2 protein chains.
Amino acid sequence: MVTEVICGEQGVMMLDEMTASALAETFKVLSDSTRVRIISALVERELCVHELSEALGLSHSATSHQLAMLREMRLVAATKRGRHKIYRLDDEHIADLFQQGLAHILHT
Amino acid sequence: MVTEVICGEQGVMMLDEMTASALAETFKVLSDSTRVRIISALVERELCVHELSEALGLSHSATSHQLAMLREMRLVAATKRGRHKIYRLDDEHIADLFQQGLAHILHT
DNA sequence: CAGATATATGAGCAAGTACGCATATATTAT
DNA sequence: ATAATATATGCGTACTTGCTCATATATCTG
């Protein structure tokens, strides 16, 4: 008699909650179109808040809030120049994920 | 006299909202630790709902809800086998992004 | 100095999200 | 047929999120 294994006889390999949370946290950054657009622009060159908010078509406040979030996650860094604050990408990983994700979207 | 360009004199290259939204939508899938864990398990082998919910430590309902979402996005597919429904990954891209993201997390 | 410009940030709100509960359906076992 | 098992799904709820508004700080201009 053949005992067919259907379910639950082998162990399940699964990422632990802590690592999964850290990973999810990283992807969360790119899960909003505003942040995706900010990063897409910063991949090209560094920009000030004013340039970003104009390109986004959003208020300075909204833009600044998102930049604050990206700063807290150490994905962007800023340098003050006069009354401007110039933002740049400060994490290779995010740019890589962005590029790979974009490539996948476009090849479909 | 040297006119130093500070801001706003060059055009800003930025992804359009539609493409950015599509990209964000993709990353949103991986922006939750439960879904990350489900995908991490399905990368190894196909699994039924019961196995997933046990490994997750979540209710069958919660697990089923997340699987429904992944199904709608065509990232997983299911085959009914008796009273079990066996889920498997059905999108190469997501597995790639997951792997790359994980590699980045671990090398830090 | 006063006024304009550039950015930051707390509060509040509307929309979205992830979970559990209750319930429904389908399949298998007794 | 009845009970148990496996999964799906509508609803309610607690939580999160992304924006605007109001306000604050800093810098530049006249």
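None of the values given here were measured: they were computed from a predicted structure. Below, chain A is the first sequence line, B the second, and so on; all start at residue 1.
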What is the separation between atom NE2 on B/His84 and atom P on D/dA4, rounded to the nearest whole Å? 17 Å

Please confirm whether the shortest side-chain N or O distance from A/Lys85 to OP1 or OP2 of C/dA8 is below 4.0 Å. yes

How do B/Ser64 and A/Ala62 order along DNA chain D: which one's closest nucleotide is nearer the 5' end? B/Ser64

Using heavy-atom distances to pick each residue's nearest nucleotide on DNA chain C, tell me which of A/Val49 and B/Ser31 is more 5'. A/Val49

Taking any heavy-atom pair under 4.0 Å as a contact, classify A/Thr63: base, sugar-phosphate, or nothing. nothing

Nearest-nucleotide check on DNA chain C, A/His60 vs B/Asp32; residue mapping nearer the 5' end is A/His60

Are A/Met13 and B/Val76 in one and the same hydrophobic cluster, where Ile, Leu, Val, Met, Phe, Trp and Tyr link if side-chain heavy atoms are under 4.5 Å apart? no

Under 4.5 Å between side-chain heavy atoms, counting indirect links through other Ile/Leu/Val/Met/Phe/Trp/Tyr residues: same cluster for A/Met73 and A/Leu52 or not? yes

Under 3.5 Å, is there a donor-acceptor pair between the side chain of A/Gln99 and the main chain of A/Asp96? no

Mind checking whether A/Met14 and A/Met18 sit in one hydrophobic cluster, side chains of I, L, V, M, F, W, Y counted as touching below 4.5 Å? no

Is the phosphate of C/dA6 approached by A/Tyr87 (side-chain N or O, under 4.0 Å from OP1 or OP2)? no

Does C/dC19 have OP1 or OP2 sitting under 4.0 Å from an N or O in the side chain of B/Gln66? yes

Co-membership, hydrophobic cluster, residues A/Ile38 and A/Ile86, 4.5 Å side-chain: no

What do you reckon, do B/His65 and the base of D/dT9 stack, with centroid distance below 5.5 Å and planes below 30°? yes

Look at the rings of A/His60 and A/His50 and say which category their plane angle falls in: under 30° parallel, 30 to 60° tilted, over 60° perpendicular. perpendicular

Expressed as a whole number of angstroms, how long is the span from B/Leu58:CG to D/dT7:P? 15 Å

Would you say the side chain of B/Ser59 and the base of C/dC19 hold a donor-acceptor pair, judged only by whether the two atoms sit under 3.5 Å apart? no

Of residues 67-76 of chain B, the positions that come close to DNA chain C - non-hydrogen atoms, cut-off under 4.0 Å: none

Does the base of D/dC19 carry an N or O that pairs as donor and acceptor with the side chain of A/Ser61 under 3.5 Å? no

For A/Ser33, which residues count as a side-chain hydrogen bond (donor to acceptor under 3.5 Å, both in side chains) partner, sequence neighbours excluded? B/Glu17

Under-4.0 Å side-chain N/O to phosphate OP1/OP2 contact, B/Arg35 with C/dA18: yes

